[in-house]
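Since the structure comes first, as structure tokens, the remarks are kept for the end.
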2 protein chains.
Amino acid sequence: MSKDPRGNRHAHLNRDSIARAALAVVDRDGSEALSLRKVAAELGVGTMTLYHYVPSREALVADIVALLVVEMDLTISSGLSWRDGAKQVGRSLRAMALRHPRAFALVAAAASDKPPLLDFARRLRDFYVALGAPIEAFVEVWSVLDAFETGFLLLETQAVMRRSTAPHDELDQGTSELADRMPATLSEAAYEEGLEIIVGGLERRLL
Amino acid sequence: MSKDPRGNRHAHLNRDSIARAALAVVDRDGSEALSLRKVAAELGVGTMTLYHYVPSREALVADIVALLVVEMDLTISSGLSWRDGAKQVGRSLRAMALRHPRAFALVAAAASDKPPLLDFARRLRDFYVALGAPIEAFVEVWSVLDAFETGFLLLETQAVMRRSTAPHDELDQGTSELADRMPATLSEAAYEEGLEIIVGGLERRLL
DNA sequence: AGGATACTCGTACAGTGTACGAGTCCAGTC
DNA sequence: GACTGGACTCGTACACTGTACGAGTATCCT
């Protein structure tokens, strides 16, 4: 005599579609606003149903990160140098970050020793090796280059989000010439500059 | 006839001491485990008492970041070059991160347009200018260098925390030669290498 | 037919941030 | 002294979170 708890199957419900719905919530409401109840509502499903596909909230976040990371371009076109390959990866990371500015913080905060990022690191290592870089240098190259990219894009996505919300926070007391000019110039040019400096420097010293 | 609600003043209770207690909680339990109730308990005080000094949890986190950021070394010893000054700042940031590995994520995630980090950015700009760098280059220099440092230290503090907790996660299925070797070599040497590449490169191109 | 299995989800609990308002103390002023 | 107004403390309550438990139903296998 319950209202409507018929055990209907929701054909298109699985780990992947749940992660996709979660990403949609994050893209819309921001990463701190992610909640299992909201994801379930997005899918028109009871909250606890999600637990049949995803073991925990933490795992769901990992799935989101995995979804974002597979978007990266690690294809090897013929005659690609390591130098250009590294820049290609950096640019596709930036493109991903700008497609999902509110979700990027999740990528930056993700544990680098667990499946989503660890798998990516392995793919990246193979990519570099295929481009002729010595394996021994990988950890150093990866940590320096990836650190720059993650840090820069964390700043840039913050700036992007700022622009698309409240036009002016009440706390902007100090006219803040610096804050105003900073995000404005924090653009593609600065990213390319950093990329060039680091890729060039690494090539000269380690490869 | 209430149990003990005497309006005792707690002499040493103020915004600063609250931030300090909150930092202690974060250093001990991790940044996700920070809660107002825990901070209040740490101080032997009712939860709502905190709200007389701090307007919100968000503000409390900002206070913690401010506490960490003032530890940085921006002193100018005589004859200091921009090159060495920039490295000095980078090293003192790393020292701070390693002193508070569980709190560093809060610094990395802090909004760069609000008092704690904005004030630091201003102090840093003055520091660079005093060392002879052109003001126009500041935003570019700052974003590239700071991005590297933040990104690198986010990774390194993660690795440090990993070592001090569960010796082996159940999910380490894949023997993960990469994951094991990565944090080990992600050390001072790699940081110095990155610092040298970037400071050198920036100097050559912009200054 | 009967039973296992897969799936759905209502309810409940501990934990969070914080709004409200009732207390209790102290500094002034009459 | 008595009164008043503010500064301070904090108990209670509410809306929200993640998730444990177990009851319900649908489907497939024998």
Side-chain angles (χ1 to χ4, degrees), chain A residues 1-19 21-26 28-65 102 105-106 109-111 170, chain B residues 1-19 21-23 25-26 28-65 102 105-106 109-111 114 170:
Chain A
M1 188 90 84
S2 16
K3 297 141 191 230
D4 191 302
R6 66 228 199 288
N8 265 354
R9 302 295 120 98
H10 304 266
H12 43 297
L13 194 60
N14 53 54
R15 190 147 180 170
D16 193 76
S17 67
I18 291 175
L23 176 55
V25 170
V26 171
R28 177 163 24 87
D29 300 348
S31 61
E32 343 67 32
L34 174 65
S35 85
L36 295 189
R37 280 166 172 85
K38 232 182 275 191
V39 173
E42 182 95 358
L43 291 163
V45 148
T47 308
M48 295 312 291
T49 301
L50 301 183
Y51 278 88
H52 232 265
Y53 301 90
V54 177
S56 70
R57 182 213 154 94
E58 204 182 337
L60 177 59
V61 171
D63 286 353
I64 296 177
V65 172
R102 323 187 78 134
L106 297 179
E170 316 295 333
Chain B
M1 190 89 85
S2 15
K3 297 142 193 233
D4 192 301
R6 67 227 197 288
N8 266 353
R9 303 295 119 97
H10 305 265
H12 44 296
L13 194 60
N14 54 56
R15 191 148 179 169
D16 192 76
S17 67
I18 290 174
L23 176 55
V25 169
V26 172
R28 176 162 26 85
D29 301 347
S31 62
E32 342 69 32
L34 175 65
S35 87
L36 295 189
R37 280 166 174 85
K38 232 183 273 192
V39 173
E42 182 96 359
L43 291 163
V45 148
T47 308
M48 294 313 289
T49 301
L50 300 182
Y51 279 87
H52 232 265
Y53 302 90
V54 177
S56 70
R57 182 213 155 94
E58 205 182 335
L60 177 59
V61 171
D63 286 354
I64 296 178
V65 172
R102 324 187 77 135
L106 297 179
K114 292 221 167 72
E170 316 295 333

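The figures that follow rest on heavy atoms only: side chains count, while hydrogens, waters and symmetry mates do not. Please read these numbers as outputs of a predicted model, since none were measured by experiment. Letters A, B, ... are given to chains in the order of the sequence lines, protein chains preceding strands, and every chain is numbered from 1.
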| field | Pair Val39(A)-Thr47(A), side chain to side chain contact (heavy atoms under 4.5 Å, CB included): steps then yes or no | value | CA-CA 8 Å; Val39(A) 173; Thr47(A) 308; over 6 Å; no

| Nearest-Å distance, CG (Asp29(B)) to C1' (dT16(C))? | 15 Å

| field | Length of the line joining Leu43(B):CG and dC8(D):C1', which is rounded to integer Å | value | 15 Å

| field | Residues touching DNA chain D, which here means a heavy atom under 4.0 Å, drawn from residues 44-59 of chain A | value | Thr47(A), Met48(A), Tyr51(A), Ser56(A), Arg57(A)

| note | note: His12(B), atom NE2; dC8(D), atom C1'; distance rounded to Å ~ 15 Å

| Protein-nucleotide distance (Lys38(B), atom NZ; dG15(C), atom P), rounded to Å | 10 Å

| Atom CD of Glu32(A) and atom C1' of dG17(C): how far apart are they, to the nearest Å? | 15 Å

| field | Trace of the salt bridge (charged side-chain N to carboxylate O under 4.0 Å, His left out) decision for Glu42(B) with Arg28(B) | value | CA-CA 12 Å; Glu42(B) 182 96 359; Arg28(B) 176 162 26 85; 2.6 Å; yes

| How far apart are the C-alpha atoms of Ile18(A) and Asp63(A), what are their side-chain angles, what is the distance that settles it, and do they pass the side chain to side chain contact (heavy atoms under 4.5 Å, CB included) test? | CA-CA 9 Å; Ile18(A) 291 175; Asp63(A) 286 353; over 6 Å; no

| Which heavy atom in Arg57(B) sits nearest to a heavy atom in Ser31(B), and how many Å separate them? | NH2-O, 4.4 Å

| query | Checking side chain to side chain contact (heavy atoms under 4.5 Å, CB included) for the pair Leu34(B)/Val61(B): CA distance, chi angles, key distance, verdict? | reply | CA-CA 9 Å; Leu34(B) 175 65; Val61(B) 171; 4.1 Å; yes

| task | Take the protein atom CZ of Arg37(B) and the nucleotide atom C1' of dT12(D), then report the distance between them rounded to whole Å. | result | 11 Å

| Distance-minimising heavy-atom pair for Leu60(A) and Ala19(A) | CD1-CA, 4.1 Å

| query | Nearest to the side chain of Leu36(A) - dG17(C), dT8(C), dG18(D)? | reply | dG18(D)

